[in-house]
Amino acid sequence: MPPEISLDQLDRGHRAIVVRVDDHAQGDIIAGRLRSIGFVPGEQIRLQTYGPIGREPLLVQVGTTRFALRRAEAARVIVQPERAA
């Protein structure tokens, strides 16, 4: 089984399952917002693409919805990459 990584380390076009969203402090607003828009344990996500400068922003698909995230935001999302078929 592949090791857990942060979402900002996932390769373009790859899928993963959300393991958790890490809080940087108690009551972390950004982590809470990530959970509220669908980054919850067990959810399948796909890193669609990312910007040309510093790989930012990241375009991530959760279900049928796409979100643009900063790398710092994506680093809070811990995922389990899916194995290549």
Side-chain angles (χ1 to χ4, degrees):
M1 184 169 276
E4 295 176 359
I5 60 171
S6 59
L7 176 54
D8 65 315
Q9 297 173 328
L10 191 64
D11 291 327
R12 182 185 343 204
H14 287 225
R15 295 180 189 275
I17 301 296
V18 175
V19 175
R20 68 181 180 277
V21 175
D22 287 341
D23 291 88
H24 284 185
Q26 187 174 0
D28 188 335
I29 294 171
I30 294 172
R33 180 70 177 137
L34 289 167
R35 289 183 198 99
S36 73
I37 61 174
F39 291 91
V40 294
E43 188 67 37
Q44 184 184 63
I45 61 171
R46 181 171 187 248
L47 178 59
Q48 296 283 92
T49 192
Y50 40 77
I53 300 175
R55 292 180 55 169
E56 190 167 35
L58 287 77
L59 180 63
V60 182
Q61 185 167 338
V62 180
T64 59
T65 307
R66 293 179 181 172
F67 299 98
L69 301 178
R70 295 181 189 105
R71 290 182 61 76
E73 295 164 341
R76 297 171 192 238
V77 181
I78 306 304
V79 299
Q80 179 76 49
E82 291 188 347
R83 292 182 188 200

Problem set entry | Under 3.5 Å: donor-acceptor pair, side chain of E43, backbone of V40 | no

Exercise. Between D23 and R76, does at least one N-O distance fall below 4.0 Å, as a salt bridge requires?
Worked result: no

Exercise. Just wondering, are more than 12 heavy atoms of other shown residues or ligands nearer than 6.0 Å to CZ in R70?
Worked result: no

Exercise. Can you tell me if Q61 uses its side chain to pair, donor with acceptor, with the backbone of G63 under 3.5 Å?
Worked result: yes

Seminar exercise, completed: Heavy-atom nearest pair, P81 first then A16, reads CA-CB, 3.8 Å

Seminar exercise, completed: To the nearest 0.5 Å, atom CD of E56 lies from atom CD of E73 at 8.5 Å

Exercise. What heavy-atom pair brings A75 and S6 nearest, and what distance separates the two atoms?
Worked result: O-CB, 3.5 Å

Problem set entry | Other cluster members, V21 - Ile/Leu/Val/Met/Phe/Trp/Tyr, side-chain contacts below 4.5 Å | I5, L7, L10, V18, I30, L34, I37, F39, I45, L47, Y50, L58, V60, V62, F67, L69, V77, V79

Problem set entry | Check against side-chain contact (heavy atoms from CB on, under 4.5 Å), E82 and H14 | CA-CA 8 Å; E82 291 188 347; H14 287 225; over 6 Å; no

For this session: Kindly state each residue pair satisfying salt bridge (Lys or Arg N to Asp or Glu O under 4.0 Å) with at least one member in residues 3-14, sequence neighbours excluded.
Result: E4-R20, D8-R71

Exercise. Should side-chain heavy atoms under 4.5 Å link Ile, Leu, Val, Met, Phe, Trp and Tyr, which residues sit in the same cluster as I53?
Worked result: none

Exercise. Any chance the side chains of Q44 and R46 put a donor and an acceptor closer than 3.5 Å?
Worked result: no

